[in-house]
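Sequence lines set the chain letters: A, B, ... in the order given, protein chains first and strands last, and positions in each chain run from 1. Predicted, not measured: the structure shown is a model, and the values here were computed from it.
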Number of protein chains: 2
Amino acid sequence: MTDVATEKPRRGRPPVSDEQRRLQRLDISRHAVRLFSEQGVAATSGEQIAQAAGVSERTFWRHFPQKESCVEPLLTKVVDAFCAVVRAWPREVELIDHLREAYSPLEDTASDEDIDAVLSVVRLTQSERALRAAYLMLRERAEDALAEVLGERMGRPASDINVRVRAASMSAALKVSTDEVARAAAGGVTTETLEGHREQIATALRDLSQML
Amino acid sequence: MTDVATEKPRRGRPPVSDEQRRLQRLDISRHAVRLFSEQGVAATSGEQIAQAAGVSERTFWRHFPQKESCVEPLLTKVVDAFCAVVRAWPREVELIDHLREAYSPLEDTASDEDIDAVLSVVRLTQSERALRAAYLMLRERAEDALAEVLGERMGRPASDINVRVRAASMSAALKVSTDEVARAAAGGVTTETLEGHREQIATALRDLSQML
DNA sequence: ACAGTTGTTGGCACCATCTGCCAACAACCG
DNA sequence: CGGTTGTTGGCAGATGGTGCCAACAACTGT
């Protein structure tokens with residue numbers, strides 16, 4: 001008997017849209033990442049980030065329950081891009097071929113200047129332990145999403161072991177190649193950097209199949 | 001010109017052996033894990049753990065720079081066991097066959113009662129975000145060790161992309177099957193639980209090869 | 001036995017992280 | 001305009017975590 005969309009005519013201030021929340025988080029995230037890379041994570045206080053972003057410390061902590069989660073809004077972009085491509089994977093095409101064709105990391109989901117930011121955050125996670133932990137947690141959330149897609153494609157529940165192993169392995173391969181491309185892009189991002197990434201992930205998956 | 005083992009005759013109190021440090025950490029770890037599972041991580045203060053382990057809060061923080069790292073001494077056991085088996089992998093044998101033959105998780109590295117503890121910690125990481133993050137970081141360190149082994153076997157540096165992808169994927173497959181066996185062992189550990197794990201990881205790797 | 005040297009421990013002060021609570025305010029309604 | 005609901009910021013307070021220092025423990029040579 002719980003109504004779904006049949007609500008009372010609404011009274012009082014409406015809650016802000018999820019989209020606006022997302023943008024606000026993203027804005028804070030950019031400031032935080034800049035500070036993190038300039039002076040290190042440990043040396044950057046929550047107060048400092050809040051001030052840079054123009055909000056009170058209290059609302060900053062409301063947006064990001066932990067300091068390190070500041071990087072999530074930017075980091076999700078690289079993972080979401082991959083999930084989107086996998087979701088669009090036609091059944092009749094080989095996965096490697098589909099990736100090589102359709103996977104242009106970030107180019108769709110992120111603006112040009114954000115690509116720089118995202119890659120620099122990935123690089124940051126390689127030296128800052130706290131950020132790395134946040135990154136790995138994020139990737140595991142994405143692993144679940146991947147399992148959903150793969151499971152549906154294989155006609156099995158996403159909780160199936162077989163499905164989970166595939167999702168985890170694909171995610172791991174993506175992680176390694178993403179780390180690599182971020183390292184390679186340290187001195188400025190070129191189009192061929194990203195194309196290198198596409199090739200990277202394709203060959204990574206191919207290598208995988210020869211392992212056993 | 002830096003002497004390696006040719007030191008001055010040593011004066012003053014000798015530093016405690018690494019082995020003793022390890023045991024002390026392990027002891028504290030057991031107390032911490034018990035408290036964590038009894039009342040949750042957030043509700044367990046560092047002071048409480050220190051008191052339970054019979055050390056001052058100050059030395060507790062010296063042993064574990066962050067509260068969550070309390071689980072490392074126990075969690076490494078499950079990862080180390082796998083690394084040891086991979087290290088002992090003869091060149092002429094198929095990896096899957098070797099694992100099915102030689103991999104008896106924990107049975108060698110951990111005492112019987114510790115097996116319970118280790119598996120319960122793995123289960124804990126599935127509900128406690130902070131512990132999960134620590135677990136993932138730990139696994140990534142093990143990934144490096146794995147890459148060393150695989151790299152040497154393939155005649156390439158451990159930093160080689162191909163090597164890293166394989167290490168990451170194997171590690172991921174192990175992660176999923178370890179999570180699964182921990183879940184399955186929720187109601188008491190039996191021998192077949194662990195043998196199930198062995199079979200789990202073997203089939204997991206086989207599945208992997210059919211993905212592409 | 002004693003002084004000199006080095007490593008470990010615990011206590012204290014201190015800053016940073018993060019939370020609960022509440023008053024102020026903003027955005028909608030009739 | 002008053003009523004209602006959601007968001008913000010300030011403040012107090014507990015916990016996490018570090019630097020510093022004095023006390024002590026374990027060794028060496030005389």
Item to complete: State, with a plain yes or no, whether a side-chain heavy atom of A/L74 is found less than 4.5 Å away from one of A/V33.
Response: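 SC-SC contact between A/L74 and A/V33 confirmed.
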Worksheet item: Does a side-chain heavy-atom distance below 4.5 Å link A/E38 with A/T44?
Response: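 Contact flag for A/E38/A/T44 side chains = no.
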Non-neighbouring partners of [X] that pass side-chain hydrogen bond (donor to acceptor under 3.5 Å, both in side chains), sequence neighbours left out:
X	result
B/H31	B/R34
A/R129	none
B/R21	none

Worksheet item: What's the spacing between A/M170 CE and A/L95 CG if we round to 0.5 Å?
Response: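 Going from CE on A/M170 over to CG on A/L95, the span is 4.5 Å.
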Under 3.5 Å between N/O atoms: give me all the protein pairs with nucleotides 26-30 of chain D, atom names plus distance.
| from | atom 1 | to | atom 2 | distance (Å) |
| --- | --- | --- | --- | --- |
| D/dA26 | N3 | B/R13 | N | 3.3 |

Worksheet item: When you look at CD of B/Q51, are more than 12 heavy atoms from neighbouring residues, nucleotides or ligands closer to it than 6.0 Å?
Response: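 Count not over threshold, so no.
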Worksheet item: Around A/E47, counting heavy atoms of other residues, nucleotides and ligands shown, do more than 12 lie under 6.0 Å from its CD?
Response: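 At most 12 heavy atoms, drawn from other residues, nucleotides or ligands, come within 6.0 Å of this atom.
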Treating [X] as the side-chain partner and [Y] as the backbone partner, does any N or O pair qualify as donor plus acceptor under 3.5 Å?
X	Y	value
B/K67	B/V41	yes
B/S169	B/R166	no
B/R25	B/H63	yes
B/E72	B/L138	no

Which of [range] sit near DNA chain D, with a heavy atom under 4.0 Å from it?
range	result
residues 21-33 of chain B	none
residues 124-133 of chain B	none
residues 46-67 of chain B	B/G46, B/R58, B/W61, B/P65, B/Q66, B/K67

Discussion item. When the axes are fitted on five pairs at both termini, how much does the helix from C/dA1-D/dT30 to C/dG30-D/dC1 curve, in 10° steps?
Written reply: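 That helix has its two terminal axes inclined by roughly 10°.
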Discussion item. Quick one, B/F60 with B/I28, criterion side chain to side chain contact (heavy atoms under 4.5 Å, CB included). Give me CA distance, side-chain angles, the key distance, then yes/no.
Written reply: CA-CA 8 Å; B/F60 165 73; B/I28 299 178; 3.8 Å; yes
Worksheet item: For the residue pair A/R139 and A/T178, what are the closest heavy atoms and their distance?
Response: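 So the minimum-distance heavy-atom pair works out to NH1-OG1, 4.5 Å.
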Worksheet entry | Span of DNA chain C, from the first to the last nucleotide whose atoms fall under 4.0 Å of chain A heavy atoms |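 Using the under 4.0 Å cut-off, the span is C/dT17 to C/dC29.
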Discussion item. Holding to side-chain contact (heavy atoms from CB on, under 4.5 Å), I want the full list of residues that pass it with B/A130, two or more places apart in sequence or in another chain.
Written reply: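 For B/A130 the side-chain contact (heavy atoms from CB on, under 4.5 Å) partners, ignoring immediate neighbours, are B/E68.
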Discussion item. So, using side-chain contact (heavy atoms from CB on, under 4.5 Å) as the criterion, who are the partners of B/S56 when residues are at least two apart?
Written reply: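 Per chain and number, B/S56 pairs via side-chain contact (heavy atoms from CB on, under 4.5 Å) with B/R58, B/T59.
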Worksheet item: Which part of the nucleic acid, if any, lies within reach of B/S69 when heavy atoms closer than 4.0 Å are counted: base, sugar-phosphate only, or nothing?
Response: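 Here B/S69 touches no strand at all.
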Scan the side chains in residues 151-161 of chain A for donor-acceptor partners under 3.5 Å anywhere in the protein, sequence neighbours excluded, and list what turns up.
| from | atom 1 | to | atom 2 | distance (Å) |
| --- | --- | --- | --- | --- |
| A/R153 | NH1 | A/W89 | O | 3.4 |
| A/R153 | NH2 | A/W89 | O | 2.1 |
| A/R156 | NH1 | A/D160 | OD1 | 3.4 |
| A/D160 | OD1 | A/N162 | N | 2.7 |
| A/D160 | OD1 | A/V163 | N | 3.3 |

